*Asks:* 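There's a structure below that I have some questions on.
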Amino acid sequence: MSFTLSTAIRRAAATAFTAALLVPLTACGGGDSDADDTGAKATESSTATGAPKADLTVLAASSLTDVFETAGAAYEKANPGTKVTFSFAGSQELAAQVQQGAPADALVTADTKTMDGLKGETGTPTVIAKNRLVIATGEGNPEKIENLKDLADTKLKVVLAAPEVPVGRYSEQVLEAQKIDVKPVSEEPNVRAVLSKVELGEADAGIVYKTDAATATDKVDAIEIPDAQNAVAEYPAATLKTSKHTEAAAAFVAWLSTPEAQRLLQDAGFQQP
């Protein structure tokens with residue numbers, strides 16, 4: 001009986017001693033695991049772009065529709081966890097939305113005048129691209145339109161954007177500078193509406209941005225306007241002061257001036273700012 005008790009005591013002591021040895025080893029093992037997790041987190045952080053994750057809403061001029069859809073996808077790919085939703089319309093409509101408190105994070109207009117009118121609502125704007133005007137005609141240019149003067153022919157159905165729309169204001173400027181009197185059959189709320197009228201054959205011609213005509217080369221022809229008679233449209237981008245994601249919005253606006261974004265804009269026909 002004494003032998004059994006002594007044996008049990010020795011075994012218990014050995015077990016306790018072994019456990020005591022294992023405690024530091026376990027602690028060390030736990031430390032290594034934490035270090036691995038920290039290292040993984042550090043690696044993840046170092047490979048990210050640094051832009052905060054957020055769901056962003058960007059109000060953008062309708063002439064940016066195609067290129068911004070491409071740019072948005074590229075930005076989301078480079079910034080996992082961030083989603084960019086665009087709302088496209090004429091710049092004057094976007095300005096009205098901002099003034100009415102529409103929930104959004106950033107704004108890109110097709111002219112500096114509209115953006116300047118919102119100084120109290122935005123951060124400091126940055127011009128991200130430029131554009132020029134062309135005359136859009138039906139495919140094959142059936143009316144044989146060659147220049148701005150031809151648009152004065154009353155037999156032609158010419159469509160322009162409304163004068164409060166940037167492209168409409170630019171069109172008015174170039175026509176007045178050349179002393180050309182055009183009587184449009186309609187004045188549209190944005191450049192895409194002008195393009196659509198020509199595409200559908202509801203108009204013989206319209207003045208649009210070069211980049212818009214480039215999106216419909218299978219339906220319209222683009223007649224170049226000489227630089228000396230043309231206007232240069234500037235596209236400023238800015239954050240909105242009402243944004244709930246100010247850092248993420250600022251990161252997106254800054255990205256629009258990066259080489260990657262500029263390449264996408266230039267591939268779409270926009271000019272460097």
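Please read these numbers as outputs of a predicted model, since none were measured by experiment. When a residue number appears, it is its place in the shown sequence, counting from 1.
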*Asks:* Would you say Thr258's side chain and Trp255's backbone share a donor-acceptor pair under 3.5 angstrom?
*Replies:* yes
*Asks:* Does Glu76 reach the main-chain N or O of Val84 with its side chain, forming a donor-acceptor pair under 3.5 Å?
*Replies:* yes
*Asks:* Are any non-hydrogen side-chain atoms of Arg192 and Asp66 less than 4.5 angstrom apart?
*Replies:* yes
*Asks:* Donor-acceptor check, side chain of Thr215 to backbone of Asp212, threshold 3.5 angstrom: yes or no?
*Replies:* yes
*Asks:* Quick one: does any side-chain atom of Glu121 pair with a main-chain N or O of Thr242 as donor and acceptor, under 3.5 Å?
*Replies:* no
*Asks:* Phe68 and Tyr209: same hydrophobic cluster, using ILVMFWY side-chain contacts below 4.5 Å?
*Replies:* yes
*Asks:* Quick one: do Arg132 and Asp227 make a salt bridge, cutoff under 4.0 Å?
*Replies:* yes
*Asks:* Could you tell me whether the side chain of Gln229 reaches within less than 4.5 Å of the side chain of Val174, counting heavy atoms only?
*Replies:* no
*Asks:* Is there a side-chain contact between Ser91 and Val165, using heavy atoms and a 4.5 Å cut-off?
*Replies:* no
*Asks:* Give, for atom OG1 of Thr65 and atom CZ of Phe86, the distance between the pair rounded to the nearest 0.5 Å.
*Replies:* 10.0 Å
*Asks:* Check whether any side-chain heavy atom of Val185 lies under 4.5 Å from a side-chain heavy atom of Val159, and answer yes or no.
*Replies:* yes
*Asks:* Measuring only between side-chain heavy atoms, which start at C-beta, is Thr122 closer than 4.5 Å to Leu240?
*Replies:* yes
*Asks:* Should Thr137 and Asp204 count as side-chain neighbours, where that means a heavy-atom distance under 4.5 Å?
*Replies:* no
*Asks:* Does the side chain of Leu160 reach to within under 4.5 Å of the side chain of Leu175, using non-hydrogen atoms?
*Replies:* yes
*Asks:* Treating Asp105 as the side-chain partner and Ala249 as the backbone partner, does any N or O pair qualify as donor plus acceptor under 3.5 Å?
*Replies:* no
*Asks:* With the side chain counted from C-beta on, respond yes when Thr211 and Val67 share a heavy-atom pair under 4.5 Å apart, and no when they do not.
*Replies:* no
*Asks:* Got more than 12 heavy atoms from elsewhere within 6.0 Å of CD, Glu247?
*Replies:* no
*Asks:* Indicate yes or no for a side-chain donor-acceptor contact from Glu139 to the backbone of Asp221 under 3.5 Å, with no hydrogens or angles considered.
*Replies:* no
*Asks:* Hydrophobic clusters here meaning ILVMFWY residues chained together by side-chain heavy-atom distances under 4.5 Å, can you tell me if Val191 and Phe270 are in one?
*Replies:* yes
